[in-house]
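The structure under discussion appears below in the form of structure tokens.
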Amino acid sequence: MKLTEFDIQISKENVCRLIQADPDSNVYQEIMAALQEMLPTAYEKLKPTALLEFGDFETYAGMIEEEGIEEALYGITTVGEEIGSWSTQLFREGNYLGGMLADAIADDCLFQMDEAISEAVIGMCRKRQRGIVRRLEAPVDIPMSIQKKAYDITDAGRQAGIEIKESYMYSPVKTVCQVYILDKDVTRYHAEHDCGRCENATCKMRNIAAVTITVKSGKVEQKIRGRKKDTLLESLRANNLFLPAVCAGRGVCGKCRVRVLEGEVPATETDLRFFSQQEIEAGHRLACRSYPESDCTILTQDGEAEGFYVEAPEKGAESVPPDTDGVYGIAADIGTTTVAMQLVELQTGKTADVYTAVNRQRTYGADVISRIEASCKGRKEALTGMIREILQEGIEALSANGTIRIRQMVIGGNTTMIHLLMGYSCETLGVYPYLPVNIKAIHTTDKELFGKQEKSFDVTVCPGISTFVGGDIVAGLYALDFQKREKVCVLIDLGTNGELAIGNRDWILTTSMAAGPAFEGGNILCGMGSVPGAICKVEIREGKAKIRTIGDAEARGICGTGVIDCVYELVGEGIVDETGLMEEPYFETGFPLSEDGKIRFCQKDVREIQLAKSAVRAGLETLILRYGISWEEIDKVYVAGGFGHKTDIHKAVGIGLFPAFCEEKVEAVGNTCLQGTAKYLTQKDASEAVERLVEVSEEIGLSGDKNFQKFYMENMYFL
């Protein structure tokens, strides 16, 4: 049977989901507008065709567990060659957004075709008096060679102009194969794709039903309800059961270990990286990659020490050991990923001790949007409790359980982190017009904040400028003396959201953009945070990678600084061209970074860093234009945070994150938020100076700025 009549209506929401375009991002409306403009042409280029034909299954019968298989129904669906060629052409022309949208349009069409042919598949099987046991997917359930059998049986070459390669891959690329194994039980027709068996765990279109999960931890046993479309980690988290997840559930840190005692929870390729075959057989799994196919019982295990790198001052020659007769203050930076605290001797301003921790709120997601959503879905108290608990642990450690006298504490953090700390509602943070409950300076006490029995010291929370430019940036501006500067300087703080500020003591312009998590190793195929084993330095010589990892540990993934290095080296070696296109044979398989080839840098990763660096550079160009000065008039460009401190500035300039002629002006300045809160403790005019910074600062939005859009596309190139 050949089907060509499909009523396909491309879902703009699905297309945006497939390219990971967040509705709350500054460029979402521009992406939707570009998509709307492309759709008429896309419909002309889409040529959906489905081929269905019965055939024998003898060759593969011994490879599956099911018995009584009579035959199989082979299916091939394609959207044709034109849409794929269009996507490639757009990429080559430098229209990266258009190329990604065309690719996602093709995927959405395939998803819809898959649903559309189900009725035809079931009808054919009923007519033949066959039931559908289940659907097989190559290579998860069965070897790729099944695609050649499907190709021959459906006569796909003559019927649809499809070609097949020696690797059993089809051309056009947007062509997929379905194999339905059949028996005589006509009461069942399991024709749907089973996401629970699919290795593509990051697919944005996953859709599966619910299960009961029995969780055993020590002598405690608890039953929770989960969904098949959620990982075990997500189900545990939704029920206030937490496992360490350093990589925020990306399957690269190996911390969220569980043991499956009962039920079907298939092992994945990711599990094979962390467990021996014997452990796999004993039920060991990573919770962040495990999708239960049925009700199951799991045993949770304690994770290893996280070892996450946290940007904080080192206790060096200038440090002073804490003295029980001294008077101290505590400076704190509540970051989305990490928390850093510093014990400061108030008389001298010197560092007495440092405390760092990973923000356990990361179990709800690595970015603020995820935590806003979690807060609005009933997790506000849990999130507030988590950050307050971390701060209390830090206070106890720095004060030696109360033996060191603390007079004051100053806290800086982005607007979302402060809302979660204070227990404010986040409902208006995540929806337009993105209104905060409070961004003014907060003056409280540890008794009020942490529920102490009696007051012991004052607590000040730095004010913010807007919902998107918070107290951490204000503290950074204060640390760098923007309130005193005559010459114009720039502050850049890079993370999942990039915050920028430009100005001097008279006027400061600020903005933020959705840079994406690529600078922190997020959305990178083998990406991870700054933990031991993360590749942080890369050199490529004669086609081979020479790497260095954090802690000189065995390579397990790549962090943000390694991503910058890797792209710079790939472009320098000509493996990636100026448009961001990877040459063969790396286009399909990725460039190997580890000797065993398990850690690779792929075409998708290049696109991720293109989007991120272009957003930051465009935001910076727009801010400078709006300020009314030139690059030459800028005195310094300060890059804050652990990313800036560890990044090779020359290579960051080399990929276009900053313009080449200002390389000497770029300076990594470390954790400016912590520096600013520490400074606040010792300066008498700190409160007035910080308020002055807020008064002279204003935020500009980028979502509707045509200059930002122009700069965004111009800076996609690696020149």
Side-chain angles (χ1 to χ4, degrees), residues 1-11 13-15 17-18 43 46-57 60 64 66 68-80 83 104-142 146-147 149-151 153-156 159-160 162 170 172 174-200 203-210 227-229 291 293-294:
M1 177 184 288
K2 180 178 180 180
L3 304 173
T4 57
E5 297 297 322
F6 291 89
D7 184 20
I8 301 295
Q9 299 297 319
I10 297 300
S11 167
E13 290 75 19
N14 283 347
V15 170
R17 190 186 313 159
L18 286 165
Y43 281 121
L46 288 169
K47 308 294 181 185
T49 301
L51 305 174
L52 296 167
E53 194 62 57
F54 293 101
D56 72 86
F57 195 68
Y60 300 93
I64 62 172
E66 286 81 356
I69 304 303
E70 295 286 320
E71 57 183 346
L73 176 61
Y74 296 85
I76 294 179
T77 54
T78 182
V79 295
I83 189 77
I105 287 169
D107 285 338
D108 185 52
C109 183
L110 279 173
F111 279 119
Q112 293 193 45
M113 290 175 65
D114 186 78
E115 295 178 2
I117 66 171
S118 292
E119 184 176 347
V121 167
I122 294 172
M124 290 176 68
C125 292
R126 279 179 172 158
K127 188 175 181 179
R128 201 176 181 89
Q129 291 294 295
R130 293 287 186 266
I132 304 175
V133 179
R134 66 182 173 97
R135 173 168 144 176
L136 303 179
E137 307 281 352
V140 176
D141 303 304
I142 206 157
I146 194 77
Q147 299 207 151
K149 188 174 185 68
Y151 179 84
I153 287 175
T154 60
D155 197 11
Q159 292 269 34
I162 297 170
Y170 294 130
K174 297 299 182 181
T175 303
V176 295
C177 173
Q178 308 90 22
V179 181
Y180 308 88
I181 51 175
L182 315 176
D183 65 4
K184 293 181 179 180
D185 185 358
V186 294
T187 64
R188 59 181 179 183
Y189 292 96
H190 300 312
E192 70 279 1
H193 167 75
D194 186 353
C195 293
R197 303 182 66 87
C198 181
E199 280 287 306
N200 187 10
C203 175
K204 299 300 180 183
M205 309 299 285
R206 291 186 75 89
N207 182 23
I208 330 176
R227 296 181 299 177
K228 284 189 176 181
K229 75 173 184 176
Y291 289 87
E293 291 187 349
S294 64

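Model, not experiment: these values are computed from the prediction.
Here the shortest heavy-atom pairing between G68 and D183 reads O-CB, 3.3 Å. Residues A106 and K174 come closest through the heavy atom pair CB-CG, 3.8 Å. Contact between E137 and C177 at its shortest, heavy atoms only, is OE1-O, 4.1 Å. Nearest heavy atom pair, residue I76 against residue Q178, reads N-OE1, 3.8 Å. Closest approach of L18 to A104, counting heavy atoms only: CD1-O, 3.6 Å.
For K149, the salt bridge (Lys or Arg N to Asp or Glu O under 4.0 Å) partners at least two apart in sequence or on another chain are D56. For Q112, the side-chain hydrogen bond (donor to acceptor under 3.5 Å, both in side chains) partners two or more places apart in sequence, or in a different chain, are D108. The side chain to side chain contact (heavy atoms under 4.5 Å, CB included) test applied to A72 returns F57, Y74, V179, not counting sequence neighbours. Residues passing the side-chain hydrogen bond (donor to acceptor under 3.5 Å, both in side chains) test with T154, sequence neighbours excluded: none. With sequence neighbours excluded, no residue forms a salt bridge (Lys or Arg N to Asp or Glu O under 4.0 Å) with E13. For E71, the side chain to side chain contact (heavy atoms under 4.5 Å, CB included) partners two or more places apart in sequence, or in a different chain, are F54, R128, R130, L182. Not counting sequence neighbours, the partners of K47 by the side chain to side chain contact (heavy atoms under 4.5 Å, CB included) test are E82. Residues satisfying the side-chain hydrogen bond (donor to acceptor under 3.5 Å, both in side chains) criterion with Y170, sequence neighbours excluded, are absent altogether. Scanning for side chain to side chain contact (heavy atoms under 4.5 Å, CB included) contacts around A160 gives T49, L51, I162, with sequence neighbours left out.
In this structure, CG in D185 is found 11.5 Å from CD1 in I132, a value given to the nearest 0.5 Å. Here the CD-NZ distance, from Q129 to K184, works out to 11.0 Å after rounding to the nearest 0.5 Å. If you take SG on C109 and CD on Q9, they are separated by 10.5 Å, rounding to the nearest 0.5 Å. Note: S118 OG to R135 CZ = 7.0 Å, rounded to the nearest 0.5 Å. Within the model, atoms CD1 of I83 and CG of L110 stand 10.5 Å from one another, a figure rounded to the nearest 0.5 Å. Once rounded to the nearest 0.5 Å, the distance linking CG of L52 with CD1 of I153 reads 12.0 Å.
Side chains of I64 and V133 form no contact here, defined as non-hydrogen atoms less than 4.5 Å apart. N14 is not listed as a side-chain neighbour of F111, based on a closest heavy-atom distance of 4.5 Å or more.
Counting only distance, with no hydrogens or angles, the side chain of K2 and the backbone of Q159 share a donor-acceptor pair below 3.5 Å.
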CA sep, side-chain torsions, deciding dist, call: V79, M113, side-chain contact (heavy atoms from CB on, under 4.5 Å): CA-CA 9 Å; V79 295; M113 290 175 65; 4.0 Å; yes
